[in-house]
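Scroll down for the structure; my scribbles are underneath it.
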Amino acid sequence: MSSVDPALLAQLQQIPLLQAMQLQVVQADMDGIHFSAPLAANRNDKGTAFAGSLASLLTLSGWAMTTLQARHAGFDLAVAVSHSELRYLLPVTDSLQIVCPPPHS
């Protein structure tokens, strides 16, 4: 069953960009991250998903999972992203669905 960590949700609500992107937090817990955003709020001039929106949501999902993993391990860290690298293989033509599973042990 999906759930949302309340502390993480509070952090996400402080990021203005996510409101403009109409981010929906479907799941954000130790079992994984699942974010959704409508194409209409994140499309480019070609009618497909804007690469910046995809990059933002992918980066955010990695940050969120790292933050949750650190908290679960008892660390109170200020997690920051220092590097990101993406390849866009196909256009996204429907709602943006970002899923980040927990790391394997």
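Just so we're clear, the structure is a prediction, and the values are computed from it rather than from any experiment. The chain is numbered in sequence order, starting from 1.
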Using a 3.5 Å distance criterion without hydrogens, assess whether the side chain of Asn42 forms a donor-acceptor pair with backbone atoms of Ala49.
no
How long is the straight-line distance from CD of Gln97 back to CG of Leu57, given to the nearest 0.5 Å?
10.0 Å
Between Ala51 and Tyr88 the two heavy atoms that sit nearest each other are O-OH, 3.2 Å
Do Leu12 and Phe35 touch side chain to side chain, with heavy atoms closer than 4.5 Å?
yes
4.5 Å side-chain heavy-atom contact, Gln69 and Pro102
yes
Verify the neighbour count for atom CZ of Arg71: are there more than 12 heavy atoms of other residues, nucleotides or ligands below 6.0 Å?
yes
Closest non-hydrogen atom pair between Val4 and Gln27, with its separation
CG2-CA, 4.4 Å
Compare all side-chain heavy atoms of Leu54 with those of Leu86 and state whether any distance is below 4.5 angstrom.
no
Mind checking whether Phe50 and Ile15 sit in one hydrophobic cluster, side chains of I, L, V, M, F, W, Y counted as touching below 4.5 Å?
no
Side chain Thr59, main chain Ser56, donor-acceptor under 3.5 Å
no
Which atoms form the tightest heavy-atom contact between Leu39 and Gly47, and what is the distance?
CD2-O, 3.7 Å
Shortest non-hydrogen pair, Ser95 vs Val92, comes out as O-CG1, 4.3 Å
Quick one: pull up CD in Gln13 and CD in Gln11 and give me the separation to the nearest 0.5 Å.
10.5 Å
Of the non-hydrogen atoms in Cys100 and Met65, which two are nearest, and what is the gap between them?
O-CE, 3.7 Å
Between Leu60 and the options Ile33, Leu23, Val81, the side-chain contact (heavy atoms from CB on, under 4.5 Å) test singles out Leu23
Among Thr67, Leu68, Val25, which residue satisfies the side-chain contact (heavy atoms from CB on, under 4.5 Å) criterion with Asp5?
Leu68
Indicate, with yes or no, if Leu96 and Val99 share a hydrophobic cluster defined by side-chain heavy-atom contacts under 4.5 Å among Ile, Leu, Val, Met, Phe, Trp and Tyr.
no
